[in-house]
Asker: 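One structure follows; several queries about it will come next.
Just so we're on the same page: letters track the sequence lines, and every chain starts at 1. As the structure is a prediction and not an experimental result, all values here were calculated from the model.
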Amino acid sequence: MKQVITALLENAIRSAVADGLLPAGALPPVEVDWTKDAGHGDYASNAAMVLARPARKNPRDIAGILLERIDDSGRILEKVEIAGPGFMNFFIREGCWSPLLKKVEDEGGRYGSSDLGKGRRIQVEFVSANPTGPLHIGHARGAVVGDVVANILAAVGYDVFREYYINDTGNQMNNLGRSVLLRYRELLGRESEFPEGCYKGEYIRDLAAELLKREGERYLDMDPEAAIPLLTTYAGGAILEGIKEDLRRFGVVFDLYFSERELYREDGVGILLRALEEKGFIYREGEALWFRTTAFGDEKDRVVIRQNGDPTYFAADIAYHRNKFLRGFDTVIDIWGADHHGYIPRMSAAVQALGYAKEALKVILVQLVNLLRDGKPVAMSTRSGEFDTLREVVDEVGKDAARYNFLMRRSDSHLDFDLELAKRQSSENPVYYVQYAYARICSILRMAAERGYAAPHYGEARLDLLKSAEEIDLIKAITRFPEVIEGAARTLEPHRLTFYLNDLAAVFHSYYNKNKVISDDGDLTGARLFLAKSVRTVLENALTLLGVSTPDKM
RNA sequence: GCGCCCAUGGCUCAGCUGGAUAGAGCGUCAGACUACGAAUCUGAAUGUCGGAGGUUCGAAUCCUCCUGGGCGCGCCA
């Protein structure tokens, strides 16, 4: 509908330009949006106001010119009003809404999707936590945001690839191996000091005990320098398997887990550095190699090879991003914890230095999560080993409530996650509000079937009977769905879907409380069943995008 | 010290990249089940959009400064 209005308006503008009433050449883009206030019609446009400056005319005069030139041959407009400083308010004829429901039936599970992405290849990299310990609640939010952004992009026609970067080399991994060794020795009666940086979680003890059971005491008297790499590989592998399993149970599945070790095996870092050097972005200062990121707006240059000859994490990460683009992705999206925001300029510089557009890399920052229980903070100290893991949270509150709660805020705003609230089956918990609407519709359709009514197909339903204000509102909400998905895709803001869902469910619940779907009037019942079924389709499609289940009973 | 993000009813947050009288939920108060599911609905109250300037037809939104919070500023990852 929005597109129809936009087309009418653009034709009117062309006509006015042709008649010399508006200047030719590039005009500012006009907007058509749905209104917040029914008194302003169904859609409103700011066209006259944005054209006022280039045309050097009064906005209300321009609105009048455009109004005369709107060719409503399809007879969809009840009226168009000029209001306020120069808004054009479009009132849609009552009977023009229900035909829009045909699309819902025709497209079914695909309703809301589009081909905006035109099959362009896009990669979403998310979670990417070091396999040094189980995922915690903070990773969970990033996991859901990444997963749902990927779903949304796929829905608008991108060819989406989900990837997890396993940062499985470096000091942190070394510390993991050392930690396991220390616990292992402890189990065999060798007390030892725990140096700074070592992991003290209970899971380390479990890994050590498992190792002892499987391989005996062979590491006890081995040279630690020889033993640690072996234990690192063992522990990292075991932890990664646990991470994969936790994510799977959370509904998050990756196309690829990409190992940093892989990069080094293929000399990815070496090749990268030579490539950058050829372009003149590498210089030596002291014993270290530096990358001139300031050439692209970073505040200082960055080291890529340290004095001791080891590449930095940054060097490997650039090589990884180069690898992504070489694999043919047009756009690469990284999802990071907000504490990494300072890293954006240098990564952006790296991408540009490699010859890719600045826009080819997009970073979504995800703020931290405050885990609460009944309003009181839950301690999450990694050092003491006391923290709520993703697994524990999902076991306690369930996948649906956890996922939905993570999407109720913009990604870059702090989120309080209250375990007791997430479990509560009440109006305080929006997941159930939406799922309840879905279950309720299923129940109505079951009840209708018992009484001998089947929901009709589009051609059979007397949709002209749907003309109450609530019914029109419901249809409008349904037709907004594709626009909401598009907006979420364009801005990479998955929370728009949860807000939309709450809205749609509210309109339906309100309608339900005022009107009986099933009555003695067969035609009216049929029309309302069709409407209810359309709502259900949208709820199902939207919840599926969020990775939240659609129970037909609750 | 420099940089980035945030500041919106009592609380938690939206606000569609500049639009009309700033919206939801929770909480509070008052109501609705002999009717398709009350995990629902209806109604009421609550705001100098942190402050001060500026940009223009028009600002919660953009610019500058100030106040107050979060984060970052390694040859760590």
Side-chain angles (χ1 to χ4, degrees), chain A residues 31 33-37 39-40 44-46 49-50 52-53 58-60 83-87 89 130 132 167 169-173 197 285-290 299-300 302-314 316-317 337-345 365 367-368 375 408-410 412-416 418 421 424-433 435-437 439-448 450-451 453 480 483-484 487-488 490-491 493 495-496 498-500 502-503 505-506 508-519 525 528-529 532 553-554:
Chain A
E31 283 172 26
D33 272 310
W34 60 74
T35 57
K36 291 181 248 183
D37 184 341
H40 297 146
S45 177
N46 62 353
M49 290 178 291
V50 300
R53 183 183 285 268
N58 178 313
R60 291 188 69 104
F87 285 102
N89 292 333
N130 295 357
T132 54
N167 185 213
T169 67
N171 290 336
Q172 313 246 12
M173 290 303 288
E285 189 176 298
E287 293 298 305
L289 283 188
W290 292 71
E299 57 187 20
K300 55 171 287 199
R302 309 291 170 175
V303 170
V304 281
I305 300 289
R306 299 173 212 163
Q307 281 187 20
N308 68 8
D310 288 344
T312 59
Y313 171 84
F314 180 46
D317 211 10
D339 53 342
H340 287 73
H341 72 262
Y343 197 75
I344 293 176
L365 296 176
Q367 274 290 359
L368 303 181
M408 291 197 314
R409 303 272 180 277
R410 306 171 55 99
D412 59 6
S413 109
H414 288 276
L415 172 70
D416 290 336
D418 194 307
L421 211 64
R424 213 167 295 161
Q425 301 187 351
S426 73
S427 51
E428 290 167 83
N429 196 343
V431 204
Y432 298 113
Y433 184 77
Q435 286 183 322
Y436 187 67
R440 196 172 227 182
I441 294 172
C442 292
S443 170
I444 294 169
L445 293 171
R446 279 193 299 268
M447 182 64 67
E450 275 175 33
R451 299 196 193 166
Y453 288 116
R480 261 177 52 209
E483 296 166 29
V484 172
R490 182 170 40 83
T491 56
E493 292 180 348
H495 74 278
R496 293 191 186 199
T498 51
F499 280 89
Y500 169 76
N502 273 291
D503 219 55
F508 177 76
H509 282 312
S510 174
Y511 173 63
Y512 173 91
N513 273 278
K514 271 185 218 158
N515 301 279
K516 296 286 290 180
V517 172
I518 303 169
S519 65
T525 300
R528 288 181 170 174
L529 285 174
K553 290 193 183 91
M554 291 174 71

Asker: Starting from C1' on B:rC36, measure out to CG on A:N515 and report it in whole angstrom.
Answerer: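 Between C1' of B:rC36 and CG of A:N515: 12 Å.
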Asker: Say we look at B:rU34 and B:rA22: how far apart would their P atoms be, to the nearest angstrom?
Answerer: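 So the two P atoms sit 40 Å from each other.
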Asker: Tell which nucleotide pairs with B:rG3, taking only Watson-Crick or G-U wobble pairs whose two distances are both under 3.5 angstrom.
Answerer: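 Base-paired to B:rC71.
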Asker: Could you tell me whether A:M447 contacts a base, only the sugar-phosphate backbone, or nothing, with contacts defined as non-hydrogen atoms closer than 4.0 Å?
Answerer: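 Counting heavy atoms under 4.0 Å across all strands, the contact made by A:M447 is with sugar-phosphate only.
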Asker: Taking the nucleotide of RNA chain B with the closest heavy atom to each, which residue, A:R410 or A:Q307, is nearer the 5' end?
Answerer: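 Nearer the 5' end of the strand: A:R410.
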Asker: Side-chain N or O of A:K36 less than 4.0 angstrom from OP1 or OP2 on B:rG15?
Answerer: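 Answer no for this pair, as no side-chain N or O of A:K36 is under 4.0 Å from OP1 or OP2.
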Asker: Whole angstrom is fine here: how far is it from OH in A:Y343 over to P in B:rC76?
Answerer: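 The distance from OH of A:Y343 to P of B:rC76 comes to 13 Å, rounded to the nearest Å.
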Asker: Determine the Euclidean distance between corresponding C1' atoms of B:rC71 and B:rG27; express it in Å to zero decimal places.
Answerer: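 Result for the C1' pair: 31 Å, nearest Å.
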Asker: Can you figure out which of B:rA38, B:rG70, B:rC36 approaches the side chain of A:H414 most closely?
Answerer: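 Looking only at side-chain atoms, A:H414 lies closest to B:rG70.
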Asker: Ring-plane angle category for A:Y313 and A:Y343, please: parallel below 30°, perpendicular beyond 60°, tilted otherwise.
Answerer: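 The arrangement is tilted - the two ring planes meet at 30° to 60°.
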Asker: Once you apply a heavy-atom cut-off of 4.0 Å, does A:D418 come out as touching a base, just sugar-phosphate, or nothing?
Answerer: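 Since no nucleic acid heavy atom lies under 4.0 Å of A:D418, the category is nothing.
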Asker: Which word best sums up how the rings of A:H495 and A:F499 line up, parallel for under 30°, tilted for 30 to 60°, or perpendicular for over 60°?
Answerer: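 Plane angle over 60°, so perpendicular.
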Asker: Compare the minimum distances between each of B:rC36, B:rG37, B:rG3 and the side chain of A:K553, then state the nucleotide with the smallest one.
Answerer: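 From the listed options, B:rG37 comes nearest.
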Asker: In whole Å, measure the gap between the C1' atoms of B:rG53 and B:rA59 for me.
Answerer: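 The answer is 14 Å between these two C1' atoms.
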Asker: Taking any heavy-atom pair under 4.0 Å as a contact, classify A:S413: base, sugar-phosphate, or nothing.
Answerer: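 Answer is sugar-phosphate: A:S413 comes under 4.0 Å of backbone atoms only.
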Asker: Which whole-number value in Å describes the distance from A:Q367 CD to B:rA7 P?
Answerer: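 So the two atoms are 12 Å apart, to the nearest Å.
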Asker: Grab the CE-C1' distance between A:M49 and B:rG58 for me, whole Å please.
Answerer: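 Computing the A:M49:CE to B:rG58:C1' distance gives 8 Å.
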Asker: Heavy atoms only, 4.0 Å cut-off, all strands: where does A:N502 land among base, sugar-phosphate and nothing?
Answerer: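 The residue A:N502 makes no contact with any strand.
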Asker: Mind checking if A:H495 touches a base, just sugar-phosphate, or nothing, with heavy atoms under 4.0 Å?
Answerer: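 The residue A:H495 makes sugar-phosphate contact but no base contact.
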Asker: Checking only heavy atoms, does the side chain of A:H340 share a donor-acceptor pair with the base of B:rG72 at less than 3.5 Å?
Answerer: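 Side chain to base: no pair below 3.5 Å.
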Asker: With distance as the sole test, does A:Y512 use its side chain to make a donor-acceptor pair with the main-chain N or O of A:I441 at under 3.5 Å?
Answerer: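 Checking the backbone N and O of A:I441 against the side chain of A:Y512, no donor-acceptor pair under 3.5 Å is found.
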Asker: What contact category does A:K300 fall into here, base, sugar-phosphate, or nothing, at under 4.0 angstrom with non-hydrogen atoms?
Answerer: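 Sugar-phosphate contact only - A:K300 comes under 4.0 Å of backbone atoms but never of a base.
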Asker: So which nucleotide does B:rU46 pair with, by the Watson-Crick or G-U wobble rule with both distances under 3.5 Å?
Answerer: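 Partner of B:rU46: none.
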Asker: Please name the nucleotide paired to B:rA32 by Watson-Crick or G-U wobble geometry with both distances under 3.5 Å, or report none.
Answerer: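 Partner of B:rA32: B:rU40.
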Asker: How many angstroms lie between atom CZ of A:R410 and atom CG of A:L415, to the nearest 0.5 angstrom?
Answerer: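 Going from the CZ atom of A:R410 to the CG atom of A:L415 covers 13.5 Å.
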Asker: Contact class for A:P59 vs. all strands (heavy atom < 4.0 Å): base, sugar-phosphate, or nothing?
Answerer: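 Contact class for A:P59: none.
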Asker: Using the C1' atom in both, what is the distance from B:rC49 to B:rA7, to the nearest Å?
Answerer: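 The same atom, C1', in both gives a distance of 9 Å.
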Asker: Could you measure between the two P atoms, the one in B:rU64 and the one in B:rC6, and give it in whole Å?
Answerer: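 It comes out at 14 Å once rounded to the nearest Å.
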Asker: A:D412 or A:S45: which one's nearest nucleotide on RNA chain B is closer to the 5' end?
Answerer: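 Residue closer to the 5' terminus by nearest nucleotide: A:D412.
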Asker: Can you see if the side chain of A:Y436 gets near the phosphate of B:rA39 - specifically, an N or O under 4.0 Å from OP1 or OP2?
Answerer: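 Affirmative; the distance criterion is met.
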Asker: Across the strands shown, which category fits A:N167 at heavy-atom distances under 4.0 angstrom: base, sugar-phosphate, nothing?
Answerer: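 Result for A:N167 = sugar-phosphate.
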Asker: So, is B:rU17 syn or anti if syn means the angle is within 90° of 0?
Answerer: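 Judged by the O4'-C1' to base torsion, B:rU17 sits in syn, the angle falling within 90° of 0.
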Asker: Please determine if a side-chain N or O atom of A:Y433 lies less than 4.0 Å away from the OP1 or OP2 oxygen of B:rG37.
Answerer: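 No, A:Y433 has no side-chain N/O under 4.0 Å of OP1/OP2 on B:rG37.
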Asker: Please report the distance separating the P of B:rG25 from the corresponding atom of B:rU42, rounded so that it comes out in whole Å.
Answerer: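 Straight-line distance between the two P atoms is 9 Å.
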Asker: Evaluate the side-chain proximity of A:L421 to A:D416: yes if any heavy-atom separation is below 4.5 Å, no if none is.
Answerer: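 No. Closest side-chain heavy atoms not under 4.5 Å.
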Asker: Give me the distance, rounded to whole Å, that separates B:rU28 from B:rC66 when you measure between the P atoms they each carry.
Answerer: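 These two P atoms come out 43 Å apart once rounded.
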Asker: What does B:rG19 pair with, Watson-Crick or G-U, if both distances are under 3.5 Å?
Answerer: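 Pair assignment: B:rG19 / B:rC57.
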Asker: Distance check needed: B:rC76 P versus A:I305 CD1, whole Å only.
Answerer: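 Whole-Å distance recorded here is 12 Å.
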Asker: Please report the distance separating the P of B:rU21 from the corresponding atom of B:rU61, rounded so that it comes out in whole Å.
Answerer: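 Going atom to atom, P in each nucleotide, I get 16 Å.
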Asker: Checking base pairs now: Watson-Crick or wobble, both atom distances under 3.5 Å. What partners B:rU64?
Answerer: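 Per the H-bond distance test, B:rA52.
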Asker: Can A:Y512 be said to stack with the base of B:rC36, given centres closer than 5.5 angstrom and planes under 30 degrees apart?
Answerer: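 A stacking contact exists, since A:Y512 sits close and nearly parallel to the base ring of B:rC36.
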Asker: Side-chain contact, heavy-atom cut-off 4.5 Å: A:D503 with A:R480?
Answerer: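 Counting from C-beta outward, A:D503 and A:R480 do come under 4.5 Å.
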Asker: Touch check for A:A437, heavy atoms < 4.0 angstrom, all strands: base, sugar-phosphate only, or nothing?
Answerer: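 Since no nucleic acid heavy atom lies under 4.0 Å of A:A437, the category is nothing.
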Asker: Grab the CD1-C1' distance between A:I344 and B:rG3 for me, whole Å please.
Answerer: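 Atom CD1 in A:I344 sits about 12 Å away from atom C1' in B:rG3.
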Asker: Could you tell me whether A:S510 contacts a base, only the sugar-phosphate backbone, or nothing, with contacts defined as non-hydrogen atoms closer than 4.0 Å?
Answerer: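 Sugar-phosphate only.
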Asker: Do A:N167 and A:D317 have side chains that approach each other closer than 4.5 Å (heavy atoms only, starting at C-beta)?
Answerer: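 When only atoms from C-beta onward are counted, A:D317 and A:N167 do not touch, as no gap falls below 4.5 Å.
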Asker: For a quick check of understanding: with a heavy-atom distance under 4.0 Å over all strands, which category does A:A448 fall into, base, sugar-phosphate or nothing?
Answerer: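 Here A:A448 touches no strand at all.
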Asker: Determine: side-chain N/O of A:R306 to OP1/OP2 of B:rG74, distance under 4.0 Å, yes or no.
Answerer: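 False: A:R306 side-chain N/O out of range (4.0 Å or more) of B:rG74 OP1/OP2.
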Asker: Between atom CG in A:D33 and atom C1' in B:rC16, what is the gap in whole Å?
Answerer: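 Result: 6 Å.
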Asker: State whether the aromatic ring of A:H40 stacks on the base of B:rG19, taking stacking to mean ring centres under 5.5 Å apart and ring planes under 30° to each other.
Answerer: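 Stack criterion not met.
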Asker: Between A:R528 and A:Y511, is any pair of side-chain heavy atoms under 4.5 Å apart?
Answerer: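 They are in contact (side-chain heavy atoms under 4.5 Å apart), so the answer is yes.
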Asker: According to a cutoff of under 5.5 Å between the ring centres and under 30° between the ring planes, does A:F87 stack with the base of B:rG19?
Answerer: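 Stacking between A:F87 and B:rG19: absent.
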Asker: Rounded to whole angstroms, how far apart are NE2 on A:H509 and P on B:rU40?
Answerer: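 The answer, rounded to whole Å, is 7 Å.
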Asker: Which is true for A:A52 with a 4.0 Å heavy-atom rule: it touches a base, it touches only sugar-phosphate, or it touches nothing?
Answerer: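 Here A:A52 touches no strand at all.
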Asker: Within the structure shown, what part of the strands sits under 4.0 Å from A:R302 by heavy-atom distance: base, sugar-phosphate, or nothing?
Answerer: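 Nothing, no heavy atom under 4.0 Å.
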Asker: Considering all heavy atoms of both residues, which atom of A:I518 and which atom of A:I444 are nearest to each other, and what is their separation?
Answerer: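 Shortest heavy-atom separation between A:I518 and A:I444 comes out as CD1-O, 3.7 Å.
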